[in-house]
Amino acid sequence: MTLKTILLGACSALAFSTLASAETLTIATVNNGDMIRMQGLTSDFTAKNPDIQVEWVTLEENVLRERVTTDIATNGGQYDIMTIGNYEVPIWAKQGWLLPLEKLGDKYDVDDLLPAIRGGLSNEGKLYAAPFYGESAMIMYRKDLFEKAGLKMPENPTWEFIGDAARKVTDRSADINGICLRGKAGWGENMAFITALTNSFGGRWFDENWKPQFDQPEWKNALQFYVDLMKDAGPSGASSNGFNENLTLFQQGKCGMWIDATVAASFVSNPKDSTVADKVGYAIFPTQGELKNHGNWLWSWNLAIPKSSQKSDAAEKFIAWATSKEYTDLVASKEGWANVPPGTRTSLYKNAEYEKAAPFAKPTLAAMDAADITKPTVKPVPYTGGQFVAIPEFQALGTTVGQLFSAVVAGQSSVDDALAGAQSTATREMTRAGYIK
């Protein structure tokens, strides 16, 4: 046996030994574009941390929420890192289900996180999740179709203008829908949009005494507006469309407008994926009449460690990598500045390269600045949250109400019946939970 053979064999044995002893992190995440991109760049992390391997569980949004909620509530230990929203983080932290992030490292710069985002992920002064990207909601629209229809997007559009514009832009013969909106049932799917819409109409989920408000005129006006608009100017099968389905429709040139998460801007403006990349304009979330309430949508997808994980040190190393300034630089070097995860760090919005590459940067920041989840509605409420109500019961209740409203879009129910069902269900559940005496 030659010396070369001996050395090669020793190296192979060492490599096998290192691989065999490596910890494997199981990460549950949503099938959104930014997360898919993160998976593609994971080799950068494993190269720097050869003792850690990564296994991905990538799920549709509703399924992800169901799986991680079940796992963490039962202390299942199936996942080492969970992708969860700013709805879950403070609730689960208070229940002791999440581990605080205290080893992100000196280079991480926690103080660079946008204050509103950081505040929503903290409990008693400790950070319990790190934001991967943050968002509000805004209008994305086809400038060419608006010009053809003789329309100009106002600086502060109203729902009346949006409804009129959507109907004028609709061209069924050319397979162009005037507007694409979420219709898929789920508290974080159709109810995210409908709740924000109703907030802007002056509605609220509950009054100061936790009495449900679905029997009030603001809900009737908002839901009727939404249903009529989807019928007149929305795509067929809209009751099955969530974020990803509407993203595809817009990228294919089949939507005149799309009102949804600001994070979508980098995808609709990317010429690699979008046929209308050079035709997109952006505007702030609409208001209704004189109310001047922009819906107050504020969301972040975040990485958190469940208490059940046995690999918390390795998990925190991955989170520090994926939500760092260095990761932002990595995405910029591979995909361009326009495609970096938005909405989490102050420094990004002071970066001249980002501002130059991303025409949606300023509209995104303006949308996030306009959101105040401590005062989401015009009337006083006992809860916080923009497109959600920050109580543990909302996840199940919001999904049930979402199913009622999705059925109206599908033509299986009426607005009045859906609202009556929502009022009855919410009253029963809030009484059962002890909110209503």
Are any non-hydrogen side-chain atoms of [X] and [Y] less than 4.5 angstrom apart?
{"X": "L229", "Y": "L181", "value": "yes"}
{"X": "D80", "Y": "E23", "value": "no"}
{"X": "F405", "Y": "L419", "value": "yes"}
{"X": "I91", "Y": "Q95", "value": "yes"}
{"X": "I319", "Y": "I305", "value": "yes"}
{"X": "F250", "Y": "D260", "value": "no"}
{"X": "Y435", "Y": "E393", "value": "yes"}
{"X": "V276", "Y": "R142", "value": "yes"}

Short question: side chain of [X], backbone of [Y] - any donor-acceptor pair under 3.5 Å?
{"X": "D71", "Y": "Q78", "result": "yes"}
{"X": "E316", "Y": "D313", "result": "no"}
{"X": "Y349", "Y": "G343", "result": "yes"}
{"X": "E55", "Y": "T26", "result": "no"}
{"X": "E61", "Y": "N31", "result": "no"}
{"X": "T70", "Y": "R67", "result": "no"}
{"X": "H294", "Y": "F285", "result": "yes"}
{"X": "R345", "Y": "T328", "result": "no"}
{"X": "T427", "Y": "Q423", "result": "yes"}
{"X": "T83", "Y": "A28", "result": "yes"}

Could you list the donor-acceptor pairs under 3.5 angstrom formed by side chains in residues 380-392, with sequence neighbours left out?
from, atom 1, to, atom 2, distance (Å)
Y383, OH, W205, N, 3.0
Q387, OE1, L298, N, 3.4

What is the minimum heavy-atom distance between [X] and [Y], and which atoms define it?
{"X": "P306", "Y": "I72", "value": "CB-CD1, 4.0 Å"}
{"X": "P235", "Y": "N241", "value": "CG-ND2, 3.7 Å"}
{"X": "A338", "Y": "S266", "value": "O-CB, 3.1 Å"}
{"X": "F201", "Y": "E218", "value": "O-CG, 3.7 Å"}
{"X": "C255", "Y": "L249", "value": "SG-CB, 3.6 Å"}
{"X": "Y226", "Y": "G183", "value": "OH-CA, 3.5 Å"}

Given E60 and K184, is the side chain to side chain contact (heavy atoms under 4.5 Å, CB included) satisfied, shown in steps? CA-CA 12 Å; E60 185 271 333; K184 181 188 290 186; 3.5 Å; yes
All pairs passing disulfide (SG to SG under 2.5 Å) where residues 55-89 contributes a residue, at least two apart: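 Qualifying pairs, neighbours excluded: none.
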Charged N-O contact under 4.0 Å between [X] and [Y]:
{"X": "K143", "Y": "E147", "answer": "no"}
{"X": "D144", "Y": "K279", "answer": "no"}
{"X": "K168", "Y": "D164", "answer": "yes"}

Would you please indicate yes or no on a ring centroid separation below 6.0 angstrom for W299 and W301?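 Yes, they do, as the ring centres are separated by less than 6.0 Å.
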For the ring pair Y87 and W92, is the centre-to-centre distance below 6.0 Å?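 No - the distance between ring centres of Y87 and W92 does not fall below the 6.0 Å cut-off.
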Criterion side chain to side chain contact (heavy atoms under 4.5 Å, CB included) on V263 and D34, from CA distance to verdict: CA-CA 9 Å; V263 72; D34 284 289; 3.3 Å; yes
If we count only N and O atoms by modelled type, under 3.5 Å, do the side chains of [X] and [Y] hold a donor and an acceptor together?
{"X": "Q395", "Y": "T69", "value": "yes"}
{"X": "Q224", "Y": "D228", "value": "yes"}
{"X": "W159", "Y": "T287", "value": "no"}
{"X": "Y108", "Y": "T323", "value": "yes"}
{"X": "T275", "Y": "Q252", "value": "no"}
{"X": "S414", "Y": "D416", "value": "no"}
{"X": "D112", "Y": "S347", "value": "yes"}

Whether over 12 other heavy atoms sit under 6.0 Å from E208 CD: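 Yes, CD of E208 has more than 12 neighbouring heavy atoms, counting only those of other groups under 6.0 Å.
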Within a 6.0 Å radius of atom CD on E66, are there more than 12 heavy atoms belonging to other residues, nucleotides or ligands?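 Incorrect, the count does not exceed 12.
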Run K362 and Y282 through side chain to side chain contact (heavy atoms under 4.5 Å, CB included) and show every step you take. CA-CA 10 Å; K362 286 185 177 179; Y282 309 95; over 6 Å; no
What distance separates T425 OG1 from L404 CG, expressed to the nearest 0.5 Å?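 That separation rounds to 6.0 Å.
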Q403 CD to S239 OG distance, which is reported to the nearest 0.5 Å: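 Spacing of CD (Q403) from OG (S239) equals 12.0 Å.
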Within 45° of the axis and under 6.0 Å from the centre of the six-membered ring of F161, does NZ or CZ of R167 qualify?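 Not flagged: R167 not positioned over aromatic ring of F161.
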Just say parallel, tilted or perpendicular for the rings of W321 and F45, cut-offs at 30° and 60°.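 Tilted: the ring planes of W321 and F45 meet at 30° to 60°.
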Expected list for residues 116-134: side-chain donor-acceptor pairs under 3.5 angstrom, two or more places apart:
from, atom 1, to, atom 2, distance (Å)
R118, NH1, D111, OD1, 2.9
S122, OG, R118, O, 2.8
Y133, OH, N32, ND2, 3.1

Is there a side chain to side chain contact (heavy atoms under 4.5 Å, CB included) between M257 and V169? Walk through the geometry before answering. CA-CA 9 Å; M257 282 183 287; V169 168; 5.9 Å; no
Apply side-chain hydrogen bond (donor to acceptor under 3.5 Å, both in side chains) to N75 and W97, showing your working. CA-CA 8 Å; N75 201 37; W97 291 354; over 6 Å; no
Test applied, side-chain contact (heavy atoms from CB on, under 4.5 Å); reference residue, M138; option that passes from I284, I259, T262: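 Testing each of I284, I259, T262 against M138, the sole residue satisfying side-chain contact (heavy atoms from CB on, under 4.5 Å) is T262.
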Checking ring pair (Phe, Tyr, Trp, His ring centres under 6.0 Å) between W258 and each of F267, F193, F243, which is the one that passes?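 That would be F243; it is the only one of F267, F193, F243 passing the ring pair (Phe, Tyr, Trp, His ring centres under 6.0 Å) with W258.
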